[in-house]
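Computed from a predicted structure; not experimentally measured.
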Amino acid sequence: MSVLQVTGLAKSFGGLKAVDDVSFAVEPGELLAVIGPNGAGKTTCFNMISGQLRADAGTVRFDGTDISRWPARKIWRLGVGRTFQITATAPSMTVRENVQLALLSHHRKSSNLWRPATTMYQDEADRLLDRVGMVEQAARAAGVLAYGDLKRLELAIALAHAPKLLLLDEPTAGMAPGERTNLMALIANIVADEVISVLFTEHDMDSVFGHADRILVLNRGQVLAEGSVDEVRNDARVRAVYLGGGGTYGGSAPNA
């Protein structure tokens with residue numbers, strides 16, 4: 001059974017159809033990339049899947065359960081993790097405390113006078129930070145981290161509730177080429193080790209072609225193409241509207 005099954009998803013803003021009859025599935029342990037020009041509907045799709053937006057039509061099923069009208073927090077607790085284009089961490093808290101906060105929410109715990117939050121789930125937080133290569137910076141304030149390290153911290157936070165599905169909205173945006181390569185390799189290793197499914201948007205085509213199992217291409221809110229890396233890379237329609245011409249393509253997408 002597919003981890004995620006999206007059928008006929010649609011969303012309009014006034015007279016603009018941001019997402020128009022989009023259907024696809026994500027399989028267990030699969031990395032599915034969603035690409036397309038700016039305004040293609042990628043983030044709107046993510047927001048409907050994760051509960052930030054209510055779809056006008058269509059269904060979203062996670063592990064067979066219809067979550068189409070569920071609020072974001074309930075979907076998060078069910079096992080859908082999410083990162084955003086702009087990192088969402090607490091800058092005044094330490095790296096470890098950011099992860100501890102996510103673990104407190106996952107375990108539905110709160111601090112009290114006898115046991116403050118900073119003493120809870122320290123070992124579990126450090127294990128997650130070690131998983132993303134950030135444990136040595138556990139005591140640093142999140143607000144002083146380099147951007148690439150913030151992305152790693154956000155990944156650790158997303159992993160704090162042991163998700164079955166990760167939604168990664170442009171996980172390498174703003175990163176240097178070497179950082180992008182390392183982060184995508186890290187994500188691929190986590191997926192392989194823990195059998196997590198990943199749905200990710202990305203404008204850097206090296207990251208997409210190097211790590212995606214399949215690619216879904218959106219254009220003007222509709223599915224333009226779907227298939228393997230080679231099928232999408234060699235699709236004339238995709239080259240015309242997104243990849244910018246014929247031949248084998250590599251590098252960042254135009255107008256990203």
If we only count heavy atoms from C-beta on, is the [X] to [Y] side-chain gap below 4.5 Å?
X	Y	answer
L78	V80	no
I187	F200	no
V132	L159	yes
R152	L145	no
K151	E179	no
L155	I190	yes
L199	F46	yes
S105	R77	yes

**Report entry** Side-chain donor/acceptor of R82 to backbone N/O of A158, under 3.5 Å
**Finding:**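 Not at all, since once roles are kept as given, no pair shorter than 3.5 Å links the two residues.
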
Using the salt bridge (charged side-chain N to carboxylate O under 4.0 Å, His left out) criterion, which residues pair with [X]? Sequence neighbours excluded.
X	result
R237	D235
D230	R233
D20	none

Please answer: with hydrophobic residues joined when any side-chain heavy atoms are less than 4.5 Å apart, are [X] and [Y] in the same cluster?
X	Y	result
V198	V217	yes
M184	L150	yes
I196	L153	yes
I157	V191	yes
Y121	V135	yes

[X] side, atom [atom1]; [Y] side, atom [atom2] - distance, nearest 0.5 Å:
X	Y	atom1	atom2	result
I67	I49	CD1	CD1	8.0 Å
T83	D169	OG1	CG	7.0 Å
F62	I75	CZ	CD1	10.0 Å
L128	N98	CG	CG	12.5 Å
L31	S197	CG	OG	8.5 Å
E202	T172	CD	OG1	3.0 Å

Which pairs with one or both residues in [range] pass salt bridge (Lys or Arg N to Asp or Glu O under 4.0 Å), sequence neighbours excluded?
range	value
residues 60-75	D63-K164
residues 187-200	R131-D193, R131-E194
residues 29-57	K11-D56, E30-R214

Between [X] and [Y], what is the shortest heavy-atom contact and its length?
X	Y	answer
A142	A90	CB-O, 3.5 Å
S68	T59	OG-CA, 3.1 Å
G148	M175	CA-CE, 3.8 Å
A40	L218	CB-O, 3.4 Å
L216	L32	N-CD1, 4.0 Å
A139	T94	O-CG2, 3.6 Å

Query raised in the report: Among all residues two or more places apart in sequence or in another chain, which pass the side chain to side chain contact (heavy atoms under 4.5 Å, CB included) test with A125?
Result: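 Side chain to side chain contact (heavy atoms under 4.5 Å, CB included) check on A125 returns R96, V99, Q100, L103.
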
Using side chain to side chain donor-acceptor pair (under 3.5 Å) as the criterion, list what pairs up with [X], not counting sequence neighbours.
X	answer
Q137	R140, D149
S207	D204
D213	none

Report summary line: Hits for ring pair (Phe, Tyr, Trp, His ring centres under 6.0 Å) against H161, two or more places apart or cross-chain, chain-then-number order -> W76

In residues 1-9, what donor-acceptor pairs under 3.5 Å come from side-chain atoms, sequence neighbours left out?
from	atom 1	to	atom 2	distance (Å)
S2	OG	E27	OE1	3.3
S2	OG	E27	OE2	2.9

Query raised in the report: Can C45 and V34 be said to form a side-chain contact (heavy atoms from CB on, under 4.5 Å), step by step?
Result: CA-CA 10 Å; C45 271; V34 182; over 6 Å; no

